[in-house]
Amino acid sequence: LETAEIEIETVPESSQATLAPPDLEQGSVKTLLVKVASACRSLKGDLVAEAPQRSIHSFTGTLTIGAATDPLEIKELLLRGTQLRNTAWCIGVVIYTGTETRMAMNSRQAPTKVANIERIINRTLGIIVAVQVLLALVSAVAYALEQDYFNRLPYLSPPESIIPASVSVWLTMLVLYSPLMPISLYATMEVCNYAHGYFIENDAKMYYEPDDIPAKVRTTNLGHELGQVSYIFSDKTGTLTQNVMQLKQVSVRGSIYGALDGKAGFTGAVDLQDASRNNSDKAKANEEFLEILAVSHSVLATIDGNGARVYEAESPDESALVSAAADAGWTFHDRERHQLSVLVRDPKTNKEETRMYTIQALNAFTSARKRQSVV
């Protein structure tokens, strides 16, 4: 699942179904969906869920089918706004709708982003308007003091008006002082913002070549704020850094493999295989070590458009460990519910065999335990 719209993060998360689909013969995705949907027509049961609340990290409920009652946790709940990954389809029951969904309960109005220079200009224009009104008032008072003199001049005698003379004179003076207002300033500033955004999006130094991603200007009126930044406070790594996790060096029974160099990936795979090929004691220890890396994780394996295997994990640490094990000959192949398959390459014969593992339990990594265990 991807929950970027809910948690801001783009790291995928795993979820699981409460009920396994019925045993069906293999077929196309569409065929299997039709069969499962037909089987669900006769499904009857009771679902009890907690009242709507804002938390997206906890959920309690029960699902009763016949005589069996299963507890429900947050792992079985698909929040509104999530996207399915590595799963063609799923069938579920809608629990919350409309404003009772957690996405709606956690939504808030986006704040208006105004640049500092715009705030200064708005305050300055407010002062100019106040000065303009004051000048018009002073001019209207001066006109009222000399009104008798002006009325004796036939060429300045104003026509009859339904508006009181004092108001009419004040409005006339306000219009006469209107050139004080720099109306074209906003248009000029928007042209400058557009040009600034154009230069940012076409800056070769801000282009990320590995993923073919140029700089993107989402708000043109904030571009000139970049030159005023003096300090940056970040809550974690990955916000301002690449957050690229790679396994560089390992120690197995006192033997160190790999090097802390500038090369990408794990460079100790060849040394690991050579040690397993030439020393039977080290071969057993290395095999146990690589087996743990290839099995004790929650990674999902997918195939991209180029046919290459891609690992998607909840944390970059897991992906780095599984990728290093694959480089050393233990390639995590696929996962189907509790079944896990690994392609193991024999370091002596260089032949591959598929090993199947049944995951009975997974004790996930926590900051308190600082480790992960699998049965």
Novice: Within a radius of less than 6.0 Å around OH of Tyr194, do more than 12 heavy atoms belonging to other residues, nucleotides or ligands occur?
Specialist: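 Count not over threshold, so no.
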Novice: At their closest point, which heavy atom of Glu318 faces which heavy atom of Ser298, and how far apart are they?
Specialist: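 Shortest heavy-atom separation between Glu318 and Ser298 comes out as OE1-OG, 3.0 Å.
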Novice: Looking at Lys284 and Glu291, does any basic side-chain N land under 4.0 Å from a carboxylate oxygen?
Specialist: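 A salt bridge is absent here (no side-chain N lies under 4.0 Å from a carboxylate O).
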Novice: If you look at every heavy atom in Met105 and Thr99, which pair is closest and at what distance?
Specialist: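 For Met105 and Thr99, the tightest heavy-atom pair comes out as CG-O, 3.3 Å.
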Novice: Salt-bridge test for Arg102 and Glu50: reply yes if a basic N is under 4.0 Å from a carboxylate O, no otherwise.
Specialist: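 A salt bridge links Arg102 with Glu50.
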Novice: Would you please name every residue forming a side-chain hydrogen bond (donor to acceptor under 3.5 Å, both in side chains) with Ser139, sequence neighbours left out?
Specialist: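 side-chain hydrogen bond (donor to acceptor under 3.5 Å, both in side chains) check on Ser139 returns Tyr177.
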Novice: One thing to verify: whether Arg355 and Glu353 come together as a salt bridge, which I'm taking to mean a side-chain N less than 4.0 angstrom from a carboxylate O.
Specialist: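 Yes.
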Novice: List the atom of Gly98, the atom of Arg80, and the distance in Å for their closest heavy-atom pair.
Specialist: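 Minimum heavy-atom contact is O-NH1, 4.0 Å.
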Novice: With no hydrogens and no angle check, is any side-chain donor or acceptor of Ser319 less than 3.5 Å from a backbone partner on Pro316?
Specialist: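 Judged by distance alone, no pair lies under 3.5 Å.
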Novice: Using a distance-only test with no angle check, is there a side-chain donor-acceptor pair under 3.5 angstrom linking Gln339 and Thr358?
Specialist: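 Yes, a side-chain donor-acceptor pair sits under 3.5 Å.
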Novice: Going by ring-ring contact (aromatic ring centres under 6.0 Å, His included), name the pairs with one or both residues in residues 271-310, residues two or more places apart or in two chains.
Specialist: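 Only His297-Phe332 qualify under ring-ring contact (aromatic ring centres under 6.0 Å, His included).
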Novice: When Leu47 is tested against each of Thr62, Leu72, Thr64, Ile65 for side-chain contact (heavy atoms from CB on, under 4.5 Å), which residue passes?
Specialist: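 So, applying the side-chain contact (heavy atoms from CB on, under 4.5 Å) to Leu47 and each of Thr62, Leu72, Thr64, Ile65, only Leu72 qualifies.
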